[in-house]
Structure formats: C-alpha cells, structure tokens
There are 2 protein chains.
Amino acid sequence: MTDLPKLFSALSDPTRFAIVERLMTEGELPVADIRQGSTISAPAMSRHLNVLSEAGIVSRRAKAQQRLYAVRPEAIQTINDWTLNHREFWEASLARLEEALMQEMKKK
Amino acid sequence: MTDLPKLFSALSDPTRFAIVERLMTEGELPVADIRQGSTISAPAMSRHLNVLSEAGIVSRRAKAQQRLYAVRPEAIQTINDWTLNHREFWEASLARLEEALMQEMKKK
DNA sequence: TCGTTAATTAGCATTTATGTTAAACAGTGA
DNA sequence: TCACTGTTTAACATAAATGCTAATTAACGA
C-alpha cells in the first residue's frame with residue numbers, strides 16, 4: 001500500500017512534481033486547467049496524471065466531460081511519516097554537524 | 001541545491017531506496033558491505049551509489065582501497081521540509097476527511 | 001441527432017535507466 | 001615489484017519512460 005519508491009518515482013518527473021505542487025496550493029482542478037501554462041500536449045498530460053493516480057498521489061472524479069484531479073493528502077503524509085521514522089538519524093547527525101561547526105568557530 | 005525531483009528520482013529505484021534505508025540504520029558502510037545480501041553486480045552497485053551521490057543523498061570517503069558511503073542527513077531533512085511546507089494542505093484535508101468519517105459513523 | 005468540448009487511448013520515435021561482463025585503476029602487504 | 005583486494009569505468013544490450021500526432025470515447029447542448 002505504501003510503496004515509497006513508487007511514490008518517489010511518480011514525483012521524480014519535474015512536470016509531475018509541478019502538477020502536485022500546483023494541486024496542493026490551488027486545490028482540485030480539471031485537466032485543462034492543470035495544462036494551462038504548461039507547453040505539454042494533452043495526451044502527455046493525461047499520462048502524467050495517470051502515473052500520479054496509479055501511485056495513489058492524486059484522486060480523480062468526473063464532472064460532466066471534465067476530470068477533476070486532486071492530491072490525496074495521505075500520500076504526502078506517507079512521505080512525511082517516512083522522514084519522521086528516520087528522524088532520529090538526521091536529527092542526531094545534524095546536531096553533531098552543528099556541534100562540529102561550533103568547534104571550528106571557536107578555533108578562530 | 002535542493003532539487004526535489006532529483007532527490008525523488010534517486011530514491012525511486014527499490015535497490016537504491018534499500019541502500020539508503022540500510023545506511024540510515026547501520027551508518028557508514030563500505031561498498032562490499034552494502035552489496036552483502038544483494039544479488040546485484042559490483043558495477044551496478046557502483047552506479048547506484050554514484051546516482052545517490054550525484055543527488056546529494058550520500059557522501060563518499062576513502063579508507064584504504066575501500067570507499068565508505070553514508071547518508072547525508074540534510075537530504076532527508078530537505079524532504080521533510082518539503083512535506084512540512086505543505087503541512088497545512090494535508091493536515092487540513094485529513095482533518096476534513098476524518099470529520100466526514102465521523103458523520104458517516106453517526107448515521108448508523 | 002449532430003456538432004462541440006474534454007480527455008484518453010493507440011501507435012510510433014527517441015531518450016534514459018538498468019543490468020551484464022571485461023578491463024582498468026588504486027591501495028596493501030609480502 | 002608483484003599479486004591481491006576493492007571499486008570504478010568501458011562497452012554493450014535491453015527495458016522503461018517520455019513525447020508527439022492521429023484516432024477514439026464520452027458528455028453536453030442546440
């Protein structure tokens with residue numbers, strides 16, 4: 001269910017990453033709106049949205065002929081959870097790094 | 001500097017993701033140790049480590065003939081920061097979802 | 001029903017990613 | 001110096017990702 005590599009794979013493409021960021025700030029949007037400002041073709045956009053959907057990052061619902069896409073908050077939370085699971089690692093490491101820098105400062 | 005898609009791309013491969021998880025729990029390791037248990041060839045491993053290095057996810061240092069790799073904590077923190085930047089989005093959305101579920105429960 | 005709008009699917013070309021084996025390079029220690 | 005260990009680079013094959021145009025599907029509204 002929570003396949004991190006698959007989530008990361010979906011977000012590894014700059015176009016898709018931009019789509020996700022846009023949907024998070026603007027909320028649910030139809031395909032045509034998502035495509036606004038982008039130079040990408042409609043079929044290419046459709047496939048990008050499908051990749052995001054397959055990874056569970058976006059939801060899709062119909063409204064007349066339109067298809068409305070939105071970011072699924074659980075997806076972002078899954079990534080957040082992963083970083084928090086390793087928080088001890090990066091917090092401790094960063095603390096040590098900071099301390100080392102402090103020592104360097106003192107020397108001068 | 002903080003190219004999220006590039007970070008995600010490096011983590012999108014299951015082999016590389018496993019390497020990163022292992023390095024975070026076990027700490028700095030030489031290539032041979034990282035390769036232990038994996039069926040992957042040495043050259044393939046070398047390239048995976050190079051991808052992680054290029055993305056800024058791991059550091060590399062020499063010790064005799066060995067090359068020791070370790071996860072750079074800043075990389076994980078960068079991802080954590082990204083999720084936190086959008087925290088309002090997923091926290092609020094999840095709260096609404098939870099509330100909706102509550103309403104459903106009441107109906108029964 | 002028919003034309004229009006919105007989006008997806010099909011088919012194809014090109015690039016990028018991944019894996020393998022063989023060869024090269026660098027440091028160690030006899 | 002020479003053989004050994006550890007790792008990377010080279011060369012190549014194959015699979016997967018991405019983009020395009022053309023065709024198809026679905027819903028709306030005159």
**Request:** Rounded to the nearest angstrom, tell me the gap between atom NE2 in H48(B) and atom C1' in dG19(C).
**Result:** 8 Å
**Complete:** In whole angstroms, the gap separating C1' of dA17(D) from CZ of F8(B) amounts to 19 Å
**Request:** Examine H86(B) together with W90(B) and report whether their ring centres are nearer than 6.0 Å.
**Result:** no
**Fill in**
L68(A) atom CG is separated from dA6(C) atom P, nearest whole Å, by 12 Å
**Request:** Pick base, sugar-phosphate or nothing for N50(B), based on heavy-atom distances below 4.0 Å to the nucleic acid.
**Result:** nothing
**Request:** Between dT20(C), dA7(C), dT18(C), spot the one nearest the side chain of S41(B), thanks.
**Result:** dT20(C)
**Item:** Interatomic distance, Q65(B) CD vs dT28(C) P [rounded to whole Å]
**Value:** 6 Å
**Asked** dA7(C) P sits how many Å from L29(A) CG, rounded?
**Response** 11 Å
**Request:** To the nearest Å, give me how far apart CE (M45(B)) and P (dT18(C)) are.
**Result:** 13 Å
**Fill in**
Which of dA22(D), dT18(C), dG19(C) is nearest the side chain of P43(A)? It is dA22(D)
**Message:** Starting the side chain at C-beta, find the nucleotide from dA7(C), dT7(D), dG19(C) nearest to R67(A).
**Reply:** dA7(C)
**Item:** Length of the CZ-C1' vector between R47(B) and dT14(D), whole Å
**Value:** 13 Å
**Prompt:** Taking the nucleotide of DNA chain C with the closest heavy atom to each, which residue, D13(B) or A42(A), is nearer the 5' end?
**Reply:** A42(A)
**Request:** For A64(B), answer base if it contacts any base atom (sugar-phosphate contacts may also be present), sugar-phosphate if it contacts only those atoms, and nothing otherwise; contact means non-hydrogen atoms under 4.0 Å.
**Result:** sugar-phosphate
**R35(A) side chain to I40(A) backbone, donor-acceptor under 3.5 Å** = yes
**Item:** For atom CZ of R61(B) and atom C1' of dG27(C), their distance in whole Å
**Value:** 16 Å
**Asked** Of the nucleotides dG19(C), dT8(C), dG19(D), which one has an atom closest to the side chain of R60(A)?
**Response** dT8(C)
